Amino acid sequence: MSVHSPDVKKVTTHKIQEMKVRGEKISMLTAYDYSMAKLIDMAGIDVILVGDSASNVMAGHETTLPITLNEMIYHASSVVRAVNRALIVVDLPFGTYQGNSKEALNSAIRIMKETGAHSVKIEGGREISKSVERILSAGIPVMGHLGLTPQSIYKFGTYSVRAKEEAEAQRLIEDAQLLEELGCFALVLEKIPAQLAARVAQQLRIPVIGIGAGNQVDGQVLVLHDMLGITMGFSPRFLRRYLNLGEQITEAVSKYVADVKAIDFPNENEQY
Ligand code: KIV
């Protein structure tokens, strides 16, 4: 059965909870547009994150801070039109949920109503607990995100590994427990020591998805453009590149340019 048949079994927040219980790892990647989302859904990805990393890889900003709610809605709608099986999670962008819980709820409602996505993700722990509660009270599933939270990059100062010190590790454990108690359906842990991530995954009932957090968690997420080798000059230790698509694309385009200049393209068979 193809994943595009109407009978395909959709991945839900309950399904990924069951995957954790039976020890099946959860695969998650980002996508921001129709074509890529269609390909990764057909390949069998479990969860697609319309990440605010779109700010970096789609728009070329240095950080995730500038992307707007309208822009996230545009990306998420394109992804939703492509996907048949995967669970779709959409990042609430910087400045749309930290101010107050009513604003957070309004932002999450706009994402759900205007895109057709299945859930939202927000960064932070106790400091955003009211926003998490309020979004959940409207029946909108929430994925948490702790560790390196890129929307706080100017507070951290660097993209280096978080929670190496005991006090920060303890705070992260407490925040993870709080997010589960509030009702989050899953949690992303970014760039923290593998041992700490393993401990959190063991303690929580909800699935814990890691990025740069070792393999003793319930699933993995990567930025699609990083693992395909489209983004250049970004090689953190946790990143495995499955393709060198960037090189392949520039090679193909150089060939096309040369063919056009040499009047080799189009040839007789490529014209009417
Ligand atoms: O925006 C994003 O791509 C993310 C992942 C790195 C988890 O939040």
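Bear in mind that the values here come from a model prediction, so they are computed numbers and not experimental data. Atoms within each ligand, like the ligands themselves, are counted from 1 in listed order.
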May I ask you to identify the nearest protein heavy atom to [atom], giving residue, atom name and distance to one decimal place in Å?
| atom | answer |
| --- | --- |
| atom 3 (O) of ligand 1 | S53 OG, 2.5 Å |
| atom 4 (C) of ligand 1 | L49 CD2, 3.5 Å |
| atom 8 (O) of ligand 1 | K121 NZ, 2.9 Å |

If we set the cut-off at 4.0 Å for heavy atoms, which region of V223 has an atom near ligand 1: side chain, backbone, both, or neither?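 Side chain only; the backbone of V223 stays clear of ligand 1.
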
### Task
Go through the steps to decide whether L87 and F185 satisfy the test side-chain contact (heavy atoms from CB on, under 4.5 Å), and finish with yes or no.
CA-CA 12 Å; L87 176 72; F185 74 92; 3.9 Å; yes

- Message: What's the separation between atom OG1 in T12 and atom NE2 in H118, rounded to the nearest 0.5 Å?
- Response: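 Between atom OG1 of T12 and atom NE2 of H118 there are 9.5 Å.
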
Under 3.5 Å between any N/O of [X] and any N/O of ligand 1: does that happen in this structure?
| X | value |
| --- | --- |
| E190 | no |
| T30 | no |
| D91 | yes |

Under 3.5 Å donor-acceptor, D91 side chain and D52 backbone
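A pair under 3.5 Å: yes.
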
With the side chain counted from C-beta on, respond yes when I88 and T115 share a heavy-atom pair under 4.5 Å apart, and no when they do not.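 Not touching, per the 4.5 Å side-chain cut-off.
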
Find out whether L187 and V200 are in side-chain contact, i.e. whether some heavy atom of one side chain is under 4.5 Å from a heavy atom of the other.
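Of all side-chain heavy-atom pairs linking V200 with L187, at least one is under 4.5 Å.
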
- Task: Number the atoms of ligand 1 from 1 as they appear, then name those within less than 4.0 Å of a heavy atom of I211, with their elements.
- Result: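 Here the atoms of ligand 1 in question are 6 (C).
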
Exercise. Can you list the atoms of ligand 1 that are under 4.0 Å from a heavy atom of G51?
Worked result: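 By the 4.0 Å cutoff, the relevant atoms are 1 (O), 2 (C).
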
Donor-acceptor side-chain pairing of D33 and S78 below 3.5 angstrom =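 The criterion, which ignores hydrogens and geometry beyond distance, is not satisfied for S78 and D33.
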
| message | Hydrophobic cluster membership, with links at side-chain heavy-atom distances under 4.5 Å among I/L/V/M/F/W/Y: are L29 and F238 in one? | response |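 In one cluster: yes.
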
Yes or no: does H145 have any heavy atom under 4.0 Å from an atom of ligand 1?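 The answer is yes, since H145 has a heavy atom less than 4.0 Å from ligand 1.
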
